[in-house]
Amino acid sequence: MNETITTADIIVVGAGMVGSATALGFAQQGFSVILIEAFQPDTQFDAEHVDNRVSALTRASEKLLDDLGVWSDMRQMRVTAYSDMHVWDAEGAGSIHFDAAELAEPSLGHIVENHVTQLALWQAMMASDNVEVICPDTVVTVSRAEQDGDPISEVQLKSGLVLHASLVVAADGKKSVLRDLLGIDTQGWLYDQHALVATVTTATGHLYTAWQRFMPDGPLAFLPLSHNQDKDCSIVWSTTPEKAKQLLEMDAVEFCQALTVASEVRLGEITAVESRGVFPLELKHATTYIKEGFVLVGDAAHAIHPLAGQGVNLGFQDVEALIRLVKAARQQGRDIGGLRVLRQFERERKGSNMTMLAAMDGFKRLFSNRIKPVSMIRNAGLSLVDNAGPVKQFFVRYAMGLN
Ligand SMILES: Cc1cc2nc3c(=O)[nH]c(=O)nc-3n(C[C@H](O)[C@H](O)[C@H](O)COP(=O)(O)OP(=O)(O)OC[C@H]3O[C@@H](n4cnc5c(N)ncnc54)[C@H](O)[C@@H]3O)c2cc1C
């Protein structure tokens, strides 16, 4: 039987924030791109309603999105700059405060609904002549084949389509099917915590500050939203799976009371809550990011505890590195799916991602520890860093992606 084969320079699987940015970035560099997504996205922006899935985007991510030409569209929809971050320990007096002004930066970053980022990227892709979107469809097999005597990556879709490309990018999230089809293992573990997310209204307002209280069960974060007269926040409350379930099932009044207590009333009483959801948390790291003709990016390569809001930021750093290295390989006439360029990518990104994964895992364990001497050292450490100008600046610049 003769199959119809469609060929492109690059195939991207998964149109989440990372896959969409990858597809758009390659298209803007003149590569022909096919993007495959399993689910039809919501292509409407709702000005009245804030989505409960948000991300704290670093300045480095902002730069990438600006370079891709979508940041101004995102600003027109809804993004919230935050100037301060206040972190404190529930089991002592240790605290730390970060201020954009101390760094002579306009903000520490932005809180952005994932939907806003995805929608802006999606609209830009739809306007590009270099991207063909196949949606809804999924990948069922992958292999290396030959085309005109050259090795090529082959992808077969559930619909029966067969696609060829020099490079296939797996951006299909932490449960990546492509990673499994490529036989790439992962290391990691499920955390004993689930994250409850919701949009809440506070009595006193957020002061454009990201607030985070570390409790032994897990951290509670309030992320400011420029909505409802600066009184709304998106929360990420990481806690035991049992408590997350209870919080999800409470009526709104009970939930607001529990949250007011858990936040130590730092933002006043919590007066309203909407769109609660719960997500299990895990650490997952692919043992390798590459196979000849294939590469993993974003959560497909690394999933991380959300306590410092770094997951998609790491994914965007993967995107920046991959596009830069593949573009250079093409300019030098090298095979863009060859192991030489892919190894360069892995060398650049794997160590850096691993450092962040290990640091967040360490923080999670340190702040969950109830042993008195540990909590005393932890509290002293927080206050010490707070007063140690250069060390503090190093940490915050690193977290902002400005290192
Ligand atoms: C509670 C919580 C809070 C978080 N907060 C932050 C934060 O503040 N800052 C931050 O940087 N990160 C944060 N993260 C992490 C961030 O959400 C993830 O890192 C990010 O969403 C990963 O994006 P991705 O595009 O790699 O994967 P995904 O968002 O998982 O996208 C994968 C895409 O692939 C599609 N897909 C899946 N399988 C297939 C297939 N077989 N074929 C085709 N398509 C497929 C899916 O439909 C989806 O569209 C948080 C995570 C959680 C759980």
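All ligand and atom numbering here is 1-based and tracks the order in the structure. For the numbers below, each heavy atom of this structure counts, side chains included, while hydrogens, waters and symmetry mates do not.
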* **Contact check: V18 vs ligand 1, nitrogen or oxygen atoms, below 3.5 angstrom** => yes

* Using a 4.0 Å heavy-atom threshold (strictly under), name the region of K175 that reaches ligand 1: side chain, backbone, both or neither. => neither

* Taking atom 28 (P) of ligand 1 as the reference point, the nearest protein heavy atom with its distance -> G173 CA, 4.1 Å

* **Closest heavy-atom pair and its distance - G268, T204** => N-OG1, 3.4 Å

* To do: Would you name the heavy atoms of Y208 and A81 that are closest together and state the gap between them?
  => CD2-O, 3.3 Å

* To do: Please lay out, stage by stage, how E62 and R59 fare under the test salt bridge (Lys or Arg N to Asp or Glu O under 4.0 Å).
  => CA-CA 5 Å; E62 175 188 336; R59 298 293 307 287; 3.3 Å; yes

* atom 49 (O) of ligand 1 protein-contacted, heavy-atom criterion under 4.0 angstrom -> yes

* **Heavy-atom nearest neighbour in the protein, as seen from atom 5 (N) of ligand 1, with distance rounded to 0.1 Å** => V54 O, 3.8 Å

* Scan side-chain atoms only and decide if Y289 and N353 contain a donor-acceptor pair under the 3.5 Å cut-off. => yes

* **Shortest protein heavy-atom distance from atom 16 (C) of ligand 1, along with the residue and atom involved** => V312 N, 4.0 Å

* Any residue meeting side chain to side chain donor-acceptor pair (under 3.5 Å) with R78, in chain and number order, not counting sequence neighbours -> E113

* To do: Provide the closest heavy-atom pair for N52 versus R276 in the form atom of the first, atom of the second, distance.
  => ND2-C, 4.1 Å

* Could you tell me the residue and atom name of the protein heavy atom closest to atom 39 (C) of ligand 1, and the distance to it rounded to 0.1 Å? => D172 CB, 3.7 Å

* Structure fact -> Check: of D299, N114, V319, min heavy-atom distance to atom 19 (O) of ligand 1 comes from D299

* N/O donor-acceptor pair under 3.5 Å between H194 side chain and K243 backbone -> no

* **Distance flag, aromatic centroids of H110 and W71, threshold under 6.0 Å** => yes

* Asked: Short list, please: which atoms of ligand 1 are under 4.0 Å from a heavy atom of G298?
  -> 26 (O)

* Asked: Below 4.0 Å from any atom of ligand 1, is there a heavy atom belonging to L57?
  -> no

* To do: Could you list which atoms of ligand 1 come closer than 4.0 Å to a heavy atom of I36?
  => 43 (C), 44 (N)

* To do: Apply the test side chain to side chain contact (heavy atoms under 4.5 Å, CB included) to residues H164 and T6: give CA-CA distance (whole Å), side-chain angles for both, the deciding distance (0.1 Å), then the verdict.
  => CA-CA 6 Å; H164 280 181; T6 308; over 6 Å; no

* Structure fact -> Looking only at protein heavy atoms, what sits closest to atom 13 (C) of ligand 1 is S55 OG, 4.0 Å

* Structure fact -> For V13, the ligand 1 atoms with a heavy-atom partner under 4.0 Å come out as 42 (N), 43 (C)

* To do: Report the member of A38, A56, G16, A300 with the shortest heavy-atom distance to atom 45 (C) of ligand 1.
  => A38

* Where on S20 is there a heavy atom closer than 4.0 Å to ligand 1, on the side chain, on the backbone, on both, or on neither? -> neither

* Asked: How far is atom 47 (O) of ligand 1 from its nearest protein heavy atom, and which residue and atom is that?
  -> E37 OE2, 2.6 Å

* **Which residue and heavy atom of the protein sit nearest atom 3 (C) of ligand 1, plus the separation** => P306 CB, 3.6 Å

* Structure fact -> Of A171, P41, G14, P136, the one whose closest heavy atom lies nearest atom 32 (C) of ligand 1 is A171

* Asked: Quick one: does Q118 get an N or O within less than 3.5 Å of an N or O on ligand 1?
  -> no

* Taking the non-hydrogen atoms of D137, is any one of them nearer than 4.0 angstrom to ligand 1? -> yes

* Asked: Side chains of H115 and D46: is there a donor and an acceptor less than 3.5 Å apart?
  -> no

* **Closest approach of any protein heavy atom to atom 40 (C) of ligand 1, naming residue and atom** => T138 CG2, 3.9 Å

* Determine the minimum heavy-atom distance between C233 and T202, stating which atoms define it. => SG-CG2, 4.3 Å

* Any sub-3.5 Å donor-acceptor pair from E269's side-chain atoms to T271's backbone N or O? -> no

* Are the side chain of E292 and the backbone of G337 linked by a donor-acceptor contact shorter than 3.5 Å? -> no

* Asked: Which ligand 1 atoms, with their elements, are less than 4.0 angstrom from a heavy-atom of F39?
  -> 47 (O)

* Mark up the atoms of ligand 1 that fall under 4.0 Å of a heavy atom belonging to V197, in ascending order. => 1 (C)

* Checking salt bridge (Lys or Arg N to Asp or Glu O under 4.0 Å) for the pair R349/E320: CA distance, chi angles, key distance, verdict? -> CA-CA 10 Å; R349 293 303 308 142; E320 186 281 325; over 6 Å; no

